[in-house]
Q: 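Here you go, one structure.
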There are 2 protein chains.
Amino acid sequence: MTYSYRVSIKDIAKTAGVSYSTVSRALHDSPLISQEVREQIQKIAESMGYSPNALAQGLQAKRTNSVGLVITTISDPFFADIVNGVEEEAKKAGISVFLATTRNDPDEEIKIIETFSRRRVDGVIVASSRIDTGYANRLEQIHIPVIMVNTESEEGNFIYSASVNNFTGACQGVNHLIELGHRRIGYLGVSNRLVSNKQRLEGYLDTLKKNTIDVDPAWIIINKETSPGELSLDFKIGQELGSEILKTDITAVFCYCDTIAAGVMETCRRRGFSIPQQMSVVGFDDNFICEILYPPLTTIHQPEKEIGQKAMQMILKCLAGDDVEDILLDPHLVIRESTAHPYNRSN
Amino acid sequence: MTYSYRVSIKDIAKTAGVSYSTVSRALHDSPLISQEVREQIQKIAESMGYSPNALAQGLQAKRTNSVGLVITTISDPFFADIVNGVEEEAKKAGISVFLATTRNDPDEEIKIIETFSRRRVDGVIVASSRIDTGYANRLEQIHIPVIMVNTESEEGNFIYSASVNNFTGACQGVNHLIELGHRRIGYLGVSNRLVSNKQRLEGYLDTLKKNTIDVDPAWIIINKETSPGELSLDFKIGQELGSEILKTDITAVFCYCDTIAAGVMETCRRRGFSIPQQMSVVGFDDNFICEILYPPLTTIHQPEKEIGQKAMQMILKCLAGDDVEDILLDPHLVIRESTAHPYNRSN
DNA sequence: TTGTAAGCGTTATCAA
DNA sequence: TTGATAACGCTTACAA
């Protein structure tokens with residue numbers, strides 16, 4: 001049968017010859033209604049192609065069963081995994097997710113959160129947030145759970161956070177290189193992920209120090225600042241940093257992330273440097289590209305999908321009124337083939 | 001200042017000592033209101049932290065300024081680019097996007113679209129849809145624009161479609177190999193993307209035929225069927241198909257997508273087959289992994305982001321009441337270093 | 001220029 | 001067991 005634009009509960013009531021509160025009850029399997037009438041109405045609703053209006057429901061229930069998810073860019077596999085985890089958990093709980101990207105621009109981030117707020121999402125998950133304390137306070141006024149995943153803001157106690165321990169991750173990576181016998185180890189970082197870069201750099205420095213290795217400042221190379229909102233490609237950054245690092249005397253390099261490492265490897269190859277024989281390379285993230293690269297990349301595994309899931313679960317808990325605690329997950333080393341003893345020709 | 005849960009237009013009206021329609025008008029810069037009062041009210045709204053309720057607005061306007069985006073999985077860079085394009089255009093137009101993934105399961109797909117329908121999204125974009133005509137009719141009843149991007153359903157005229165020409169893409173890839181001098185060329189396909197795989201296979205077959213090359217059935221390998229909803233990793237599929245193809249006498253292979261190609265290359269490397277010297281490899285998509293691979297992958301470029309943008313623009317046009325036409329974009333060949341003359345040792 | 005009131009589609013609280 | 005009715009927060013005729 002054909003039906004008019006959008007069938008409402010009133011339309012059903014008219015057809016069924018009952019009041020619309022009766023219809024509402026029937027549709028909700030309310031016990032205050034006769035079996036017979038209920039089935040009747042449900043059948044009619046079905047045949048009329050009724051689809052409840054979630055806006056109206058949300059308006060009245062003050063609950064939308066939706067969350068907002070804010071990421072920097074979808075192109076980075078790192079975020080893709082977070083989205084995956086969030087979406088999976090959301091689906092289980094019958095929650096829809098709004099996705100928006102900031103391109104690493106704090107102003108964009110704020111705008112997006114405002115939009116989510118207007119839409120009355122039940123919670124917000126922000127990955128790699130760069131917003132400052134000033135705005136954080138404003139966030140708090142919204143009175144919905146906000147989970148910061150791997151926050152990139154230096155300031156403030158945020159509402160809740162779920163992160164990976166960047167420091168220990170870097171320690172593991174550098175330790176691995178030291179255990180292999182390397183002494184001259186470089187660090188390749190990025191300037192536009194302030195906090196995580198800093199934490200990884202600290203892990204690097206700390207590990208070298210503990211092993212009584214004096215760091216040559218030339219070993220540490222951070223790409224130059226880009227204007228806010230501009231998101232240069234990590235692969236390209238890696239290529240550029242790679243050619244810088246080849247000017248030094250290092251035998252191994254710890255990279256901020258896998259994609260940077262990929263760029264470094266590409267440059268090494270072009271320059272005739274073989275990996276791992278002449279240069280050991282360690283990444284961070286454990287994206288799917290690690291296995292595609294040649295040689296497969298030794299890296300620090302971040303449980304990104306898990307973090308996404310956990311973040312979503314935290315929101316659910318908040319909504320249920322349960323207590324939630326911040327999460328700091330530990331990454332772990334995954335050894336592949338891009339690392340070896342220094343100048344080891346047998347590999 | 002602290003304020004109660006959520007400030008409504010009524011609260012502002014009370015504070016301002018006017019009726020709430022006046023507030024509404026002031027907030028919308030209505031001309032039927034005095035400059036003075038307007039500024040007054042806007043100031044008050046601001047200070048009270050007013051954030052309009054998009055649910056209420058949507059309910060009354062019958063327009064939510066939101067769209068639903070359905071993809072198979074976020075982990076495939078192919079979809080990531082589509083999401084990118086959609087999101088970019090949506091943002092420009094002040095539209096929020098709901099994202100949901102199907103994991104290639106048609107039942108999931110239907111559920112998701114039902115959910116979007118309840119939320120009264122203004123439009124839906126579905127990538128790689130597998131739903132059949134039966135459901136397509138139901139979709140039509142919803143009376144909102146639905147754009148199918150690279151549909152994977154064999155049946156039916158859908159509402160609107162935006163696709164890439166898989167056939168000509170494959171022709172270009174295979175032609176390139178033939179021009180390089182290859183005669184024994186393989187095809188590596190997938191079973192769970194029925195339509196696009198079929199179209200690419202047809203392009204492959206057609207091109208060989210036009211060049212009077214008799215195809216040995218052993219050259220064509222499609223991975224075995226997986227259960228619906230199960231999404232095996234293309235890289236792994238590529239690795240497996242790769243070892244099959246090495247049993248044949250081909251000198252070049254055209255792969256369904258870049259990730260498959262990456263798997264093939266990995267297998268070749270393990271088996272001591274050098275690329276492109278002993279085996280030329282062509283991919284499809286032109287993901288960012290093409291440049292990361294060694295050697296960089298020759299492939300067919302799909303304008304995925306553009307398709308996402310176009311799909312979103314089509315929805316906007318529909319909503320504006322303008323005519324829209326289906327789109328079939330042409331892919332193009334991108335030559336990198338994974339292809340060469342057969343057994344060419346000088347490269 | 002402003003206020004009143006109806007309506008968007010639900011759910012929930014009353015009475016009946 | 002059912003039916004009015006109010007309320008959710010907003011926009012917009014229609015009156016004043």
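Letters go in sequence order (proteins before strands), and every chain restarts at 1.
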Q: Rounded to the nearest 0.5 Å, how far apart are CG of A/Asn104 and CD of A/Glu152?
A: 8.0 Å
Q: In whole Å, what is the span from the CZ atom of A/Arg119 to the C1' atom of D/dG9?
A: 15 Å
Q: Give B/Ser8 one of three labels, base, sugar-phosphate or nothing, depending on what nucleic acid heavy atoms sit under 4.0 Å from its own.
A: sugar-phosphate
Q: Nearest to the side chain of B/Gln60 - D/dT2, D/dT12, D/dG3?
A: D/dT12
Q: Could you give the CD1-to-P distance, from B/Ile9 to D/dG9, as a whole number of Å?
A: 11 Å
Q: Could you give the start and end, 5' to 3', of the contact zone on DNA chain C for chain A, using atoms under 4.0 Å from its heavy atoms?
A: C/dG9 to C/dT13
Q: Think A/Thr22 has a side-chain N or O under 4.0 angstrom from the OP1 or OP2 of D/dG3?
A: yes
Q: Closest-nucleotide mapping onto DNA chain D: is B/Lys10 or A/Pro31 further toward the 5' terminus? I mean the 5' end.
A: A/Pro31
Q: Starting from P on D/dT11, measure out to CZ on A/Arg118 and report it in whole angstrom.
A: 10 Å
Q: Can you measure B/Asp29 atom CG to D/dT11 atom C1' for me and round it to whole angstrom units?
A: 15 Å
Q: Any chance you could measure B/Lys92, atom NZ, to B/Leu316, atom CG, to the nearest 0.5 Å?
A: 10.5 Å
Q: From the list D/dT2, D/dT12, D/dA4, which nucleotide is the closest neighbour of the side chain of A/Ile33?
A: D/dT2
Q: Is any side-chain N or O of A/Ser19 closer than 4.0 Å to OP1 or OP2 of D/dG3?
A: yes
Q: Do A/Arg193 and A/Ser128 have a side chain donor and acceptor closer than 3.5 Å?
A: no
Q: Any side-chain N or O of B/Gln57 under 4.0 Å from OP1/OP2 of D/dG9?
A: no
Q: Should A/Gln42 and A/Ile44 be marked as a side chain to side chain contact (heavy atoms under 4.5 Å, CB included) after you check the CA-CA gap, both sets of side-chain angles, and the distance that decides it?
A: CA-CA 5 Å; A/Gln42 287 182 347; A/Ile44 293 176; over 6 Å; no
Q: When the distance from CZ of B/Arg63 to C1' of D/dT12 is rounded to whole Å, what number comes out?
A: 18 Å
Q: Just by distance, no angles: are the side chains of A/Glu109 and A/Ser129 close enough, under 3.5 Å, to form a donor-acceptor pair?
A: yes
Q: Have a look at B/Ser34 and say if it touches a base, only the backbone sugar-phosphate, or nothing, with a 4.0 Å heavy-atom cut-off.
A: sugar-phosphate
Q: Taking Watson-Crick and G-U wobble pairs with both distances under 3.5 Å, convert DNA chain D into its dot-bracket string, 5' to 3', dots for unpaired and | for cross-strand pairs.
A: ||||||||||||||||
Q: On DNA chain C, check which nucleotide each of B/Gln35 and A/Pro52 is closest to and give me the residue with the more 5' one.
A: B/Gln35
Q: Please pick, from D/dG3, D/dT11, D/dT2, the nucleotide with the shortest atom-to-atom distance to any side-chain atom of A/Val37.
A: D/dT2
Q: For the residue pair B/Glu39 and B/Gln35, confirm or rule out a side-chain donor-acceptor distance under 3.5 Å.
A: yes
Q: First locate atom CD1 of B/Ile95, then atom CZ of B/Arg63, and finally report the distance between them rounded to the nearest 0.5 Å.
A: 5.5 Å
Q: Hey, what do you get for CG (A/Asp107) to CZ (A/Arg130), rounding to the nearest 0.5 Å?
A: 10.5 Å
Q: Roughly how far apart are A/Thr64 OG1 and A/Phe98 CZ, rounded to 0.5 Å?
A: 7.5 Å
Q: When you measure from the side-chain N and O atoms of A/Lys62 to the phosphate of D/dA7, is any distance below 4.0 Å, counting only OP1 and OP2?
A: no
Q: Which whole-number value in Å describes the distance from B/Asp11 CG to D/dC10 C1'?
A: 13 Å
Q: Just checking, any donor-acceptor pair under 3.5 angstrom between side chains of B/Arg120 and A/Ser51?
A: yes
Q: Without decimals, in angstroms, what is the distance between A/Leu59 CG and D/dC10 P?
A: 9 Å
Q: How close or far is atom P of D/dT5 from atom OH of A/Tyr20, stated in whole angstroms?
A: 9 Å
